[in-house]
Every structure is written in C-alpha cells, then in structure tokens.
Amino acid sequence: MPGGWVAGNVRAGFFGNRLFMSVRVRFAPSPTGYLHIGGARTALFNWLYARHTGGTFVLRVEDTDDARNTREAVDVILDGLRWLGLDWDEGPVSGDAMQESKGDRGPYFQSQRGEIYQRRIQELLDKDLAYEHEGAVKFRMTREPVTIPDVVAGDVVRKLTDREEADPDFVIVRSDGKPVFHLVNVVDDIEMDITHVIRGEDHLSNTSKHVELFKAFGAALPKFAHIPLILNNDGSKMSKRDSGASMAAYTEGGYLPSAVVNYLSLLGWSPKDNTEMMPTAELIERFDRPGVQRANARVDMPTLDWLNFEHIRALSPDDFKSQALGQLQAAGLDTTGRDADYTAAVLALCTDKIKNLNDVAGYIGFFFRDEVVLDAESAAQALTPENKPHLATLREAYAGLATFDADSLMEALKATAAAREVKNKVLVMPARVACTGSKVGPSLYHLMEVLGQAEVLKRFDAALARM
RNA sequence: GACCCCUUCGUCUAGUGGUUAGGACACUGGCCUUUCACGCCGGCGACACGGGUUCGAGUCCCGUAGGGGUCGCCA
C-alpha cells in the first residue's frame with residue numbers, strides 16, 4: 001500500500017464494491033496575476049502525491065473575485081505549472097473560463113459554479129444551519145472547540161478566539177450574493193470528491209470552519225495535510241515583492257524545471273536518507289507523508305543553484321544541446337549556419353561547466369560571433385603593449401603548425417614561451433583574451449582547436465592590431 | 001488582544017532515551033588545473049532558554065522567549 005495518507009480513508013466506505021476510493025487531490029489557486037513560490041510548492045506536493053499513489057490531480061480555479069480575476073491571470077498560473085511539468089488530470093485547458101475543461105466534475109472555475117453553491121446554501125438554510133443577516137447569509141458555527149484531524153500536525157484542538165467568542169457565526173454569502181471562500185472551498189471539495197486536502201499551513205486555523213461545514217453537509221472529512229510555509233531567507237514572511245517569491249524568478253533565472261521541482265520538494269519534505277539530487281521520477285517514487293516537515297522553511301538560492309548545476313550535468317547530450325542552443329538563440333547568436341560537428345565540439349567544451357542556463361551565451365558565445373567582444377578588464381590586463389611581441393611570435397608559430405590540435409597548440413605555446421624566456425602564462429592570457437574576449441572560459445588549447453587555425457590567426461591579428 | 005503551529009550548524013535537514021549529534025549547500029585551508037570551474041582531502045559550524053521526569057534527554061512533560069499563521073461580507 002503506497003502512501004501514508006491513504007491508510008484509513010473513511011470515504012472509501014461509501015463505495016461498497018471498492019475497498020479504496022482512489023486518491024483525489026487538488027490545487028486551488030486564486031488568479032492574482034502571478035504564481036507564488038509557496039503556491040507552486042503546494043501544487044507540487046499535491047501533484048507528487050497524486051502521481052505517487054496513482055491518484056487524480058485536479059486543478060480548480062478560485063476566481064470568485066472577478067474584479068481582479070482575468071484570463072491572463074489564470075494563464076500565468078497554468079503556464080507556471082506547465083513549466084514545472086505539473087500536469088493536471090482534471091481542470092481548465094486554458095485561462096478562458098468559458099472554454100470546456102477536461103474532467104467530469106466540472107466546471108473547474110468557481111465563477112461557473114454558482115448554481116451548485118445556490119443549492120448548497122439553500123440546503124443549509126433549510127436545515128436551519130444558516131440564516132440571513134443584514135442581507136448576508138451566516139453559518140451557525142459551534143461554540144465548542146473544534147478538533148482538526150491533520151495528518152501532518154496531528155489533532156489540533158482549535159478554541160474560539162476572543163473575537164469569535166463575541167460572534168462565532170461567520171458569513172458564507174456576502175450581501176451582494178457572492179458565496180465566500182470557506183463555503184465554496186468546502187462545497188467544491190465535497191462535490192469533486194477530494195480525498196486529501198494538502199495546502200499551506202496558513203489555512204490550518206480556519207480549517208475549524210471547514211470541519212463544521214463538512215459536518216453541516218453531512219459529508220465525511222477529507223484527510224487534511226497542512227504543510228509548512230516558505231519564508232524569506234531571513235525568516236520573515238514572503239510577500240510578492242521579495243526576491244524568489246514569484247515563479248518568474250525561476251522561469252527566467254536560468255533554471256531547469258527539474259531542478260526547481262527538486263529544490264521545492266526539499267522545502268518541507270525530506271527523503272530521510274540524505275539524498276539531495278533527485279530526478280522528478282525519483283521524487284514521485286519516494287514522496288510520502290512521513291517525510292513532510294512541520295517547521296517552516298526558508299528559501300536559499302545557493303542550494304537551488306547547486307541543484308541546478310547537478311541537473312544540468314545530468315542532462316543527456318541531446319537535451320543539453322537543445323537547452324544550450326535555445327540559450328544561444330535567445331542571446332541573438334545564429335547557430336544554424338554552423339556545421340553540426342562544430343556545434344557539437346563547442347558544446348562538448350562546456351559540458352559539466354555550465355551551472356546556470358543563462359551563462360551559456362557568455363561562456364561559449366564567442367564561438368558564434370565574427371567579432372570578439374572584449375571584456376574591458378580582461379583586455380586591459382592581457383592585451384598590453386608589452387605582450388604584443390610575445391603574442392606576435394606565438395601567432396607565427398601557430399601559423400606554421402601543420403596539425404592544429406590541442407596537444408600541438410600546447411607544445412607550440414610552451415616552446416615559444418621558452419624561446420622568449422617568459423612564463424607560459426604570459427602567452428596564455430593574451431591568447432585567451434584574443435580568442436574569447438575574456439579571462440575565463442573553456443580550456444584554451446581545446447577552444448583554439450575547435451575555432452580552427454584560420455579563425456585563431458584572424459583573432460590574433462585583430463588583437464595585435466589594438467595592442 | 002485571543003487562538004493555533006513551530007524551534008538541531010548561516011540555510012535545508014538526519015536523529016523517534018544511551019551517537020565523538022551525521023549529511024548537503026554556503027563559507028574556508030590545501031591538492032589538482034599554466035584561465036574559470038569540476039574533482040579530491042581537510043576545517044569552521046547546531047540541539048533557543050529555564051525547570052522537571054529518568055540511572056541517562058536533542059529525543060518525554062511544563063514554562064519562558066523567539067518566529068510563523070489565523071481571528072474579513074479577501075482568498
């Protein structure tokens with residue numbers, strides 16, 4: 001039996017011919033115009049759990065606040081989930097609420113579920129569990145402490161706060177007729193047969209309201225799993241503006257989706273055996289409730305950077321190639337005119353060296369430019385008048401080379417340095433800067449081999465001309 | 001103000017009464033490399049505090065402090 005959250009699922013009992021009802025989890029974001037990293041992590045945990053158990057992952061859009069809910073805002077969320085690779089089994093196919101969704105428990109936009117809510121509200125009114133008050137509808141909330149069974153936090157006994165003590169009942173329908181979050185959330189979870197509610201701990205306290213609502217509808221409780229929150233690196237709460245709060249920081253930060261998924265999975269969950277780097281398939285295999293943490297976690301970009309490096313180097317040659325080529329094209333560099341061997345040789349030089357996709361163009365861009373773009377500091381240091389005669393001699397030595405491979409290039413450089421009675425370094429740096437424009441880059445001899453004799457001499461000449 | 005959750009190196013964490021408290025990232029010393037990295041070998045570095053319980057507590061209990069969350073006709 002996989003999955004610690006499955007055991008003891010009471011809902012299964014309602015379906016006589018089935019021992020267990022399969023897991024149904026959902027991610028229910030409100031379209032605000034951006035995807036918060038905490039929301040992405042909640043989606044990930046739900047998705048991992050669904051995939052781990054062979055269950056169903058539902059995406060439901062909580063767009064009851066039509067003032068700020070737009071198609072574009074929904075698309076931001078859908079795009080973010082798609083980028084991460086979190087596919088949903090039921091839910092919207094686009095940000096358009098009018099378009100037909102996939103799945104048979106729809107609609108999956110709350111803005112389209114008005115009739116369902118009406119029916120449920122009437123049910124509560126009829127049972128006298130709710131009543132009208134100043135145009136709104138309020139729910140008769142219990143005055144007693146409510147026990148919230150949570151598979152992560154244990155049984156949480158939630159007492160009323162002093163304010164709630166004064167007026168325990170809460171609004172479920174506003175005076176403008178719109179049902180509120182607590183109501184629609186519970187109704188949808190019932191209607192969509194959600195078995196496990198996995199969400200951020202910011203919802204824990206309010207779950208007492210939900211528990212009472214489930215009871216009022218005579219529905220069995222889903223398993224609640226409140227997962228810890230993600231905070232800023234300094235421990236303060238994360239808001240929109242904080243760096244790393246938005247998914248955009250990751251999609252545009254040169255990260256591989258699998259690295260971000262891996263990183264997010266480790267924020268609030270642990271495989272318990274010190275494994276850090278895990279492909280998504282392994283995450284699905286291993287993700288389970290017992291590893292879920294109870295304490296909040298903080299974002300830490302260096303760890304993500306390291307995981308990103310590990311995921312990049314784990315890429316197959318073909319996958320690395322398509323990623324690298326994509327980066328070069330995004331940087332405006334034309335790689336289509338080059339022959340395949342040249343490109344392959346270039347990419348071979350940076351395998352295991354690229355830590356961030358955004359570094360690709362800077363690292364090997366010079367292979368695809370006709371004019372070397374000089375880094376000012378590197379040029380000032382290496383392309384000096386004193387180095388000019390050295391580089392000129394090296395140029396002649398290279399011009400006379402019959403075989404232009406890394407070994408020959410190294411030997412020739414050493415011989416030239418010896419003849420001129422200078423250290424190899426004195427020739428290495430000017431040569432490197434002449435060829436690449438920068439002090440750092442791939443192995444000098446190998447890079448020159450790939451560039452080819454004619455191109456190297458051309459670049460030497462260009463450098464010599466400005467020394 | 002009330003209520004709820006949390007507390008092991010800087011960060012993510014392992015740890016379920018007896019451990020020299022382990023790992024990863026970060027930082028740092030060295031080796032390798034005539035660039036930058038990688039890699040390898042070291043180092044630094046934690047049980048928030050105070051009481052209990054126990055032969056024995058990071059592990060159990062209580063309190064304090066700190067952090068986070070919630071208490072809305074937002075979600």
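Labels below follow one simple rule: chain letters A, B, ... track the order of the sequence lines, proteins then strands, and each chain is numbered from 1. Scope of the values below: all heavy atoms of this structure, side chains included, with no hydrogens, waters or symmetry mates.
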* Would you mind checking if A/D75 and A/R71 are paired as a salt bridge, meaning a charged N to carboxylate O distance below 4.0 Å? => yes
* Asked: Looking at the angle O4'-C1'-N9-C4 for a purine or O4'-C1'-N1-C2 for a pyrimidine, is B/C38 syn or anti, with syn meaning within 90° of 0?
  -> syn
* **Geometric class of the A/Y398/A/F404 ring pair [parallel <30°, tilted 30-60°, perpendicular >60°]** => perpendicular
* Asked: Are any of the side-chain heavy atoms of A/H203 and A/H226 separated by less than 4.5 Å?
  -> yes
* Can you check the A/K159 NZ to B/C5 P distance for me, whole Å? -> 9 Å
* Take atom NZ of A/K423 as the centre, draw a 6.0 Å sphere, and report whether it contains more than 12 heavy atoms from other residues, nucleotides or ligands. => no
* Pairwise side-chain contact, A/F367 with A/L347, heavy-atom cut-off 4.5 Å (strictly under) -> no
* To do: Name the pairing partner of B/C73, where a pair is Watson-Crick or G-U wobble with both distances under 3.5 Å, or state none.
  => none
* Asked: Taking NE2 from A/H182 and C1' from B/A75, how many angstroms apart are they, rounded to a whole number?
  -> 8 Å
* **Listed nucleotide nearest any side-chain atom of A/R163, set B/C71, B/C73, B/G69** => B/C71
* Asked: What is the distance, rounded to the nearest whole Å, between atom CG of A/L160 and atom P of B/U70?
  -> 18 Å
* **Ring geometry between A/Y34 and A/H36 (parallel below 30°, tilted from 30 to 60°, perpendicular above 60°)** => perpendicular
* B/A75 OP1/OP2 closer than 4.0 Å to side-chain N/O of A/R199 -> no
* To do: For B/U53, give its Watson-Crick or G-U wobble partner with both distances under 3.5 Å, or none.
  => none
* Taking only the side-chain nitrogens and oxygens of A/Q293, find out if one of them lies under 4.0 Å from OP1 or OP2 of B/A14. => yes
* Grab the CD-P distance between A/E276 and B/G22 for me, whole Å please. => 16 Å
* Could you give the distance separating B/C27 and B/A21 at their P atoms, to the nearest angstrom? => 27 Å
* Say you pick atom P in B/C71 and the same atom in B/C55; how far apart are they, in whole Å? -> 47 Å
* Check: A/N274 side chain, B/G22 base, donor-acceptor under 3.5 Å -> yes
* To do: Kindly point out which of B/C73, B/C4, B/C25 is positioned nearest to the side chain of A/D300?
  => B/C25
* Structure fact -> Out of B/A26, B/C4, B/G23, minimum distance to the side chain of A/R158 belongs to B/C4
* Asked: Applying a 3.5 Å limit to both distances, which nucleotide forms a Watson-Crick or G-U wobble pair with B/U64?
  -> B/A48
* Asked: Expressed in whole Å, how much space separates the P atoms belonging to B/U19 and B/G1?
  -> 42 Å
* Using heavy atoms to find the nearest nucleotide of RNA chain B for A/M238 and A/Y445 separately, return the residue whose nucleotide is more 5′. => A/Y445
* **Under-4.0 Å side-chain N/O to phosphate OP1/OP2 contact, A/N206 with B/C71** => yes
* To do: Using the C1' atoms only, state how far B/U7 lies from B/U64, rounded to an integer number of Å.
  => 13 Å
* Picking from B/C38, B/U13, B/U35, which would you name as closest to the side chain of A/K353? -> B/U35
* Asked: Hey, does A/L266 reach any base, or is it just sugar-phosphate, or nothing, if we go heavy atoms under 4.0 Å?
  -> sugar-phosphate
* Find the distance A/K209:NZ to B/U70:C1' and express it as a whole number of Å. => 8 Å
* Asked: If you pin A/A153 and A/F309 to their nearest nucleotides in RNA chain B, which one's is more 5'?
  -> A/A153
* **Distance below 4.0 Å between A/R298 side-chain N/O and B/C25 OP1 or OP2** => no
* Please state how far atom CD1 in A/I312 lies from atom C1' in B/C38, giving the value in whole angstrom units. => 14 Å
* To do: Check whether any side-chain nitrogen or oxygen of A/K237 sits under 4.0 Å from OP1 or OP2 of B/G69, and answer yes or no.
  => yes
* Any A/S270 side-chain N or O less than 4.0 Å from OP1/OP2 of B/A14 -> yes
* Asked: A/R41 side chain N/O closer than 4.0 Å to the phosphate oxygens (OP1, OP2) of B/C12?
  -> no
* Can you tell me if the side-chain N/O atoms of A/T64 get under 4.0 Å from OP1 or OP2 in B/A75? -> yes
* B/G15 phosphate, OP1 or OP2: any side-chain N/O from A/K272 under 4.0 angstrom? -> yes
* Quick one: is A/K355 getting a side-chain N or O under 4.0 Å of the B/C38 phosphate, OP1 or OP2? -> yes
* B/C25, B/U11, B/C73: which one has an atom nearest the side-chain heavy atoms of A/P302? -> B/C25
* **Distance in angstrom units between A/L204 CG and B/G69 P, rounded** => 13 Å
* Asked: Could a donor-acceptor pair under 3.5 angstrom be found where the side chain of A/D162 meets the base of B/G1?
  -> yes
* To do: Ignoring the backbone of A/W306, work out which of B/G39, B/A24, B/C73 is nearest its side chain.
  => B/A24
* Asked: Nearest to the side chain of A/L229, which nucleotide is it out of B/C73, B/A75, B/G69?
  -> B/G69
* Any idea how A/Y255 and A/Y250 line up, ring-wise: parallel (<30°), tilted (30 to 60°), or perpendicular (>60°)? -> tilted
* To do: Assess whether salt bridge (Lys or Arg N to Asp or Glu O under 4.0 Å) is satisfied between A/D202 and A/K237, documenting all intermediate values.
  => CA-CA 11 Å; A/D202 50 338; A/K237 75 177 278 196; over 6 Å; no
* Between the base of B/C3 and the side chain of A/S205, is there a donor-acceptor distance below 3.5 Å? -> no
* Structure fact -> The nucleotide from B/G68, B/C36, B/A75 with an atom nearest the side chain of A/E201 is B/G68
* **Whole-Å C1' distance, B/G15 and B/U20** => 15 Å
* Structure fact -> In Watson-Crick or G-U wobble terms, with both distances under 3.5 Å, the base opposite B/C31 is B/G39
* Spacing of the P atoms in B/C61 and B/A57 (rounded, Å) -> 15 Å
* Determine the Euclidean distance between corresponding P atoms of B/A14 and B/A48; express it in Å to zero decimal places. => 15 Å
* Nucleotide nearest A/A297 (side chain, heavy atoms from C-beta), chosen from B/U70, B/C12, B/C5 -> B/C12
* Does A/K209 make a cation-pi contact with A/F170, if we ask for NZ or CZ under 6.0 Å from the ring centre and within 45° of the axis? -> yes
* For nucleotides B/U28 and B/G10, find the distance between their C1' atoms and express it as a whole number of Å. => 14 Å
* Name the nucleic acid region contacted by A/G268, choosing base, sugar-phosphate or nothing; use a 4.0 angstrom heavy-atom cut-off, strictly under. => sugar-phosphate
* Once you round it to whole Å, what is the distance between C1' of B/C74 and NZ of A/K240? -> 11 Å
